[in-house]
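See structure below.
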2 protein chains.
Amino acid sequence: MPAHATPSEVSATPRRDDIRAAAVRLFAERGYYGTGMRDIAEAVGMRASSLYNHVDSKQTLLREIMVATMATLLDEHERVLRTTDDCAEQLRRSMEAHVRYHARHPLEVQVGNREIASLDEPARGEIRELRRRYAQSWQALIERGIAEGRFETASAQLSTYAILEMGIGVSLWYREGGPLGESEVAYHYGDMALRLVQAAAPRPRRRAAPRSRGAAGA
Amino acid sequence: MPAHATPSEVSATPRRDDIRAAAVRLFAERGYYGTGMRDIAEAVGMRASSLYNHVDSKQTLLREIMVATMATLLDEHERVLRTTDDCAEQLRRSMEAHVRYHARHPLEVQVGNREIASLDEPARGEIRELRRRYAQSWQALIERGIAEGRFETASAQLSTYAILEMGIGVSLWYREGGPLGESEVAYHYGDMALRLVQAAAPRPRRRAAPRSRGAAGA
DNA sequence: CATACTGACGAATCATCATTAGCCTGTGCT
DNA sequence: AGCACAGGCTAATGATGATTCGTCAGTATG
């Protein structure tokens with residue numbers, strides 16, 4: 001560790017992690033501006049001024065939370081795409097991963113979705129870019145499915161957004177210990193994503209069958 | 001008009017409308033806290049102190065914007081439910097109305113979805129209650145469809161949220177003059193909503209047919 | 001004309017809040 | 001022991017922002 005490292009260059013410490021976690025919780029609950037450094041400090045059992053021994057600034061805290069969220073989602077998505085070549089299965093697994101992340105990290109994603117305007121530039125632009133890349137990655141997948149004749153949708157973009165937004169909502173309502181477990185929710189959302197693009201599912205006995213399955217009620 | 005009416009009790013005036021519109025735009029773009037009264041004032045061509053001749057406070061502005069949005073959505077939903085008795089058609093039309101509102105009033109709904117934490121109590125609780133009622137109204141519709149054997153879904157609540165959130169996203173990406181017009185978008189979302197609940201569509205020739213259509217790829 | 005009201009302005013107020021600076025204590029190292 | 005450092009505290013700083021207050025000008029009314 002360099003002698004003059006600033007807090008933001010220091011690896012995680014228990015204190016920093018506590019501060020980060022408290023910030024996530026309070027930002028999600030009260031909003032960025034509705035949360036003062038005094039509130040965060042109190043949550044970790046110290047005074048506001050002492051936070052600056054561990055973090056650069058309130059803005060840095062917010063930025064790091066949001067960048068970490070997007071980075072994880074992007075990584076997860078890339079990782080999932082590599083687990084199979086089948087576009088429908090890729091979509092299903094992508095949806096499941098997306099939903100699982102939202103179920104496990106509801107507060108982070110709520111902050112990430114709601115507090116973009118609270119970020120100063122250039123961080124705001126950076127986050128927007130990361131989000132654009134994430135959506136574009138999904139859209140490319142759906143376009144591949146369309147090109148392969150596996151998905152049927154009027155617009156890859158419309159489907160992309162519908163699917164992503166549908167999954168984002170999980171962070172708002174899912175509760176561990178509720179009627180549906182995380183895996184069930186992920187499963188249903190995977191199913192629903194395929195329905196939204198009217199995916200022809202890969203089935204062993206359907207290797208040479210016509211691909212079109214039609215819409216519900218079609 | 002009573003001699004001692006406060007601004008919030010006065011009916012709309014051009015000035016008040018201008019202020020409201022400017023607030024919607026700026027709140028959506030910069031966030032509630034990222035928007036100062038000076039910014040709103042400048043947008044309508046006056047000084048911040050003069051705004052108080054027309055509005056009670058910044059909080060009142062925010063509250064009114066958010067209440068009006070929810071009230072309209074609730075009214076629209078109720079109105080649509082009365083246009084038909086068929087649950088699938090009700091769902092389709094509800095979705096179309098929901099999406100149309102989001103397409104036409106993107107900024108209002110963005111503010112409504114993002115700035116809940118910026119509201120002081122008791123307004124915050126009131127808005128949450130309105131949102132809960134809206135979701136509950138949709139869930140009741142889906143439960144009716146399930147009870148009638150017309151919809152098939154593991155959870156009415158899960159489907160409700162998936163559908164609502166999917167539609168909310170329209171406010172983020174839809175642009176008038178884009179590749180898809182508002183009616184097309186509404187149509188596709190109506191379709192997708194039915195697919196999400198695996199609705200047995202009413203078709204003249206399917207009166208006696210088995211209702212199950214199965215999931216995509218089923 | 002005189003009066004009352006509306007609404008625009010500038011200046012000021014007051015509260016809040018992120019952050020800095022200086023001090024102190026405990027710990028580890030030589 | 002002495003020294004350096006980390007990290008906790010109090011007090012203070014400086015900026016920001018919502019709102020109030022007083023003034024003035026324009027307009028309408030009797």
Side-chain angles (χ1 to χ4, degrees), chain A residues 1-20 22-23 26-27 29-65 111 115 117-121 123-124, chain B residues 1-20 22-23 26-27 29-65 111 115 117-121 123-124:
Chain A
M1 183 188 319
H4 299 298
T6 59
S8 67
E9 293 163 358
V10 178
S11 58
T13 61
R15 224 18 153 181
R16 285 174 57 82
D17 290 342
D18 287 349
I19 291 165
R20 172 87 69 91
L26 292 166
F27 288 166
E29 182 182 308
R30 309 177 183 184
Y32 177 74
Y33 286 105
T35 302
M37 292 304 262
R38 285 184 189 78
D39 300 319
I40 297 171
E42 188 182 329
V44 297
M46 68 171 78
R47 297 310 218 155
S49 53
S50 308
L51 292 178
Y52 296 88
N53 289 315
H54 306 275
V55 300
D56 274 350
S57 66
K58 191 180 178 187
Q59 266 286 305
T60 303
L61 251 189
L62 181 63
R63 200 193 77 226
E64 284 172 2
I65 290 163
V111 172
E115 300 291 347
S118 304
L119 276 175
D120 296 337
E121 294 287 1
R124 192 192 297 187
Chain B
M1 182 192 314
H4 299 299
T6 61
S8 68
E9 292 164 357
V10 179
S11 57
T13 63
R15 221 24 151 176
R16 286 175 56 83
D17 290 342
D18 288 347
I19 292 166
R20 175 86 70 91
L26 292 166
F27 288 166
E29 180 182 311
R30 308 176 183 185
Y32 175 75
Y33 286 106
T35 303
M37 293 302 264
R38 286 184 188 80
D39 300 319
I40 297 171
E42 187 181 330
V44 296
M46 68 173 77
R47 296 311 217 153
S49 53
S50 308
L51 292 178
Y52 297 89
N53 288 316
H54 305 276
V55 300
D56 274 349
S57 66
K58 191 181 179 186
Q59 264 287 306
T60 303
L61 252 188
L62 180 64
R63 200 193 76 224
E64 285 173 0
I65 290 164
V111 171
E115 299 291 347
S118 304
L119 276 174
D120 295 338
E121 293 289 0
R124 193 193 297 187

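Residue numbers start from 1 in every chain, and the chains themselves are labelled A, B, ... in the order their sequence lines are given, proteins ahead of strands.
- One can place CG of A:Leu51 at 14 Å from C1' of C:dT20, the figure rounded to the nearest angstrom.
- Along DNA chain C, the nucleotide closest to A:Gly36 and the one closest to B:Ser50 are compared, and the more 5′ of them pairs with B:Ser50.
- The side chain of B:Arg47 lies closest to C:dC9, out of C:dT19, C:dC9, D:dT19.
- Atom-to-atom, CG of B:Asp120 to P of D:dA18 comes out at 13 Å; the value is rounded to the nearest Å.
- Atom P of nucleotide C:dA12 and atom CZ of B:Arg38 are separated by 14 Å, given to the nearest angstrom.
- Here the side chain of A:His54 is nearest to one of D:dG8, C:dG7, D:dT19, namely D:dG8.
- The neighbour count for B:Glu42 CD, taken as heavy atoms of other residues, nucleotides or ligands under 6.0 Å away, does not exceed 12.
- Across the protein-nucleic acid pair, B:Asp18 atom CG and C:dA8 atom C1' stand 15 Å apart, rounded to whole Å.
- Judged by distance alone, the side chains of B:Gln59 and B:Tyr32 do bring a donor and an acceptor atom under 3.5 Å apart.
- One interatomic measurement links the two molecules: OH of A:Tyr33 to C1' of D:dA18, which rounds to 15 Å at whole-angstrom precision.
- The nearest heavy atom of DNA chain D to B:Gly34 and to B:Ser49 marks one nucleotide each, and the one closer to the 5' end goes with B:Gly34.
- Across A:Ala117 and B:Glu29, no two heavy atoms sit closer than the pair CB-O, 4.1 Å.
- Atom pair A:Lys58:NZ and D:dA15:P shows a separation of 19 Å (rounding to whole Å applied).
- Nucleotide C:dA18 holds its C1' atom 15 Å from the CD1 atom of A:Ile19, rounded to whole Å.
- Picking from D:dT19, C:dT19, D:dC9 the nucleotide with the shortest atom distance to the side chain of B:Tyr52 gives D:dT19.
- Here the P atom of nucleotide D:dT19 and the CG atom of B:Asn53 are 14 Å apart, to the nearest Å.
- Looking only at distances, no side-chain donor or acceptor of B:Arg38 sits under 3.5 Å from a matching main-chain atom of B:Ala48.
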